[in-house]
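Here is how names work: the chains are called A, B, and so on, in the same order as the sequence lines, proteins then strands, and each is numbered from 1. This one's a predicted model, so the numbers in the text were calculated from it and none came from an experiment.
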Number of protein chains: 2
Amino acid sequence: MSRYALKVEYHGAPFCGWQRQADGQPSVQAAIEEALARLEPGPHRIAAAGRTDAGVHATGQVAHADLARDWDAFRLSEALNWHLRPLPVAITACARVDDEFHARFSAVERRYLFRMVARRAPVTHDAGLVWQVQSRPDLEALRTGAAHLVGRHDFTTFRAALCQADSPVKTLDEITVSEHPYPGGTEIRFALRARSFLHNQVRSIVGTLERVGAGAWPPDRVATALAARDRAACGPVAPPQGLYLTGVTYPADPFAG
Amino acid sequence: MSRYALKVEYHGAPFCGWQRQADGQPSVQAAIEEALARLEPGPHRIAAAGRTDAGVHATGQVAHADLARDWDAFRLSEALNWHLRPLPVAITACARVDDEFHARFSAVERRYLFRMVARRAPVTHDAGLVWQVQSRPDLEALRTGAAHLVGRHDFTTFRAALCQADSPVKTLDEITVSEHPYPGGTEIRFALRARSFLHNQVRSIVGTLERVGAGAWPPDRVATALAARDRAACGPVAPPQGLYLTGVTYPADPFAG
């Protein structure tokens with residue numbers, strides 16, 4: 001048996017999320033497992049660093065797969081991409097790894113990007129790829145609100161009711177809010193980094209910060225909401241199409257060299 | 001009668017191009033004219049700075065329209081965007097202008113961007129929005145080849161057979177070739193600027209430069225091809241989905257203030 005790490009990019013729209021569902025809904029995991037079955041008899045079961053929700057995108061998801069044959073990593077990625085067509089899923093890197101490598105349990109950091117576009121006119125090229133809001137948010141308010149969330153906290157407020165994590169205590173290492181030119185408006189990007197995230201944590205945070213940026217919430221209400229440790233204190237959950245899993249860090253980069 | 005300048009963004013895929021066709025194929029011009037007819041009885045005939053081809057995108061096309069009523073510019077753009085839904089066409093700015101303003105004949109500069117992504121794995125989020133090639137081009141060769149084209153030249157080689165311009169002599173003010181990070185590969189952007197362009201000129205130039213970047217043509221062959229003044233000396237024409245009309249300059253910015 002040989003273990004391979006796969007870096008995976010996908011468009012979230014046609015999928016019920018990363019994870020294979022018992023009812024056979026299209027998932028990214030099932031798409032890749034079915035491509036693997038075209039190479040070697042299955043069933044295949046792969047594991048990923050982040051179990052992204054329906055509609056959420058990835059540019060740097062990482063998964064691992066076990067194969068009986070000894071594959072050249074480049075040829076494996078080419079063959080998988082061939083069999084994944086025409087689905088919007090692409091293997092952008094592939095590497096042979098030790099049997100101890102686990103895409104989920106070996107990961108020491110996940111990075112997410114959330115793209116919000118503020119303008120009146122509907123987006124065209126980026127339809128389905130950003131969350132569109134009508135008015136330019138107050139950047140300083142966004143940053144003040146976000147700063148309350150950095151560090152080690154009980155994130156019960158920002159966690160889906162269905163979240164299966166053992167503990168709601170997580171350390172959020174970074175939320176960087178940046179502004180970028182966008183035709184006829186402006187784009188706000190939220191970059192988040194943590195060892196791991198709770199279910200819906202990023203979308204709950206961005207949806208809450210959006211209220212702050214719009215002036216509907218004072219920035220300090222983010223601190224109050226966090227301290228409440230109560231899901232009811234959270235703002236609206238931002239929609240999935242603005243969210244991207246951009247990268248995963250391991251003690252040693254499986255794709256280096 | 002009141003004249004309005006419209007800044008227009010569109011996704012080129014569903015359209016036969018900017019220009020209204022006699023056979024009724026969907027065009028961006030017809031889409032906007034039909035939206036205008038929902039506001040005031042038509043027929044409306046609008047003019048644009050660049051008559052983009054089938055599949056070509058715009059982020060900064062400019063058109064002008066004449067209306068009988070005196071519209072508030074913001075309300076006009078909102079009403080047009082409402083009636084344009086769900087087509088991927090958006091009015092991102094709108095301004096009342098003098099009757100002498102003509103979107104096409106008053107323009108003193110057009111700007112185009114061409115996006116090329118070099119990587120093996122198929123693109124997912126950017127499908128239909130970039131030209132994908134397999135290998136990273138030689139950036140220095142691209143720049144050396146491009147430099148031959150800047151300035152005032154007879155661009156017969158880089159002009160579609162169907163081009164209706166009176167003269168093939170144009171002044172190309174800029175071709176800037178830049179490289180940008182892209183997951184699993186790299187993105188090359190070509191920024192071109194000129195008072196006006198011939199039909200298919202940008203795509204003919206980029207398609208020819210791609211041959212240079214791939215090492216199939218020495219950079220000097222671009223100079224030879226230009227000097228030949230012969231369409232047969234041109235490289236392949238790049239596909240439309242990488243091309244964006246990004247902006248148009250007028251003696252006075254109609255959207256300022």
Quiz item: So do the side chains of B:His57 and A:Thr124 get within less than 4.5 Å of each other, counting heavy atoms only?
Solution: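 Contact flag for B:His57/A:Thr124 side chains = no.
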Practice problem: Heavy-atom distances under 4.5 Å only: say whether B:Leu129 touches chain A with side chain, backbone, both or neither. | Solution: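 Just the side chain, heavy atoms under 4.5 Å.
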Quiz item: In terms of heavy-atom proximity below 4.5 Å to chain A, should B:Ser77 be classed as side chain, backbone, both, or neither?
Solution: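 Nothing of B:Ser77, per the 4.5 Å heavy-atom cut-off to chain A.
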Can you give me the closest heavy-atom contact between [X] and [Y], atom names plus distance?
X: A:Ala58; Y: B:His125; value: O-CE1, 3.2 Å
X: B:Glu9; Y: A:Pro122; value: OE2-O, 4.4 Å
X: A:Asn81; Y: B:Ala121; value: ND2-CB, 3.4 Å
X: A:Arg119; Y: B:Ala90; value: NH2-CB, 4.0 Å

Would you say [atom1] of [X] has more than 12 non-hydrogen atoms from neighbouring residues, nucleotides or ligands within 6.0 angstrom?
X: A:Arg75; atom1: CZ; result: no
X: B:Arg195; atom1: CZ; result: no
X: B:Arg38; atom1: CZ; result: no

Quiz prompt | Reported CZ-to-CZ distance for the pair A:Arg120 and B:Phe74, which is rounded to 0.5 angstrom | solution =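 One finds 4.0 Å between CZ of A:Arg120 and CZ of B:Phe74.
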Self-check item: Between B:Gly185, B:Pro88, B:Gly184, the one whose heavy-atom pairs under 4.5 Å with chain A are most numerous
Solution: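 When all of B:Gly185, B:Pro88, B:Gly184 are compared, B:Pro88 has the most.
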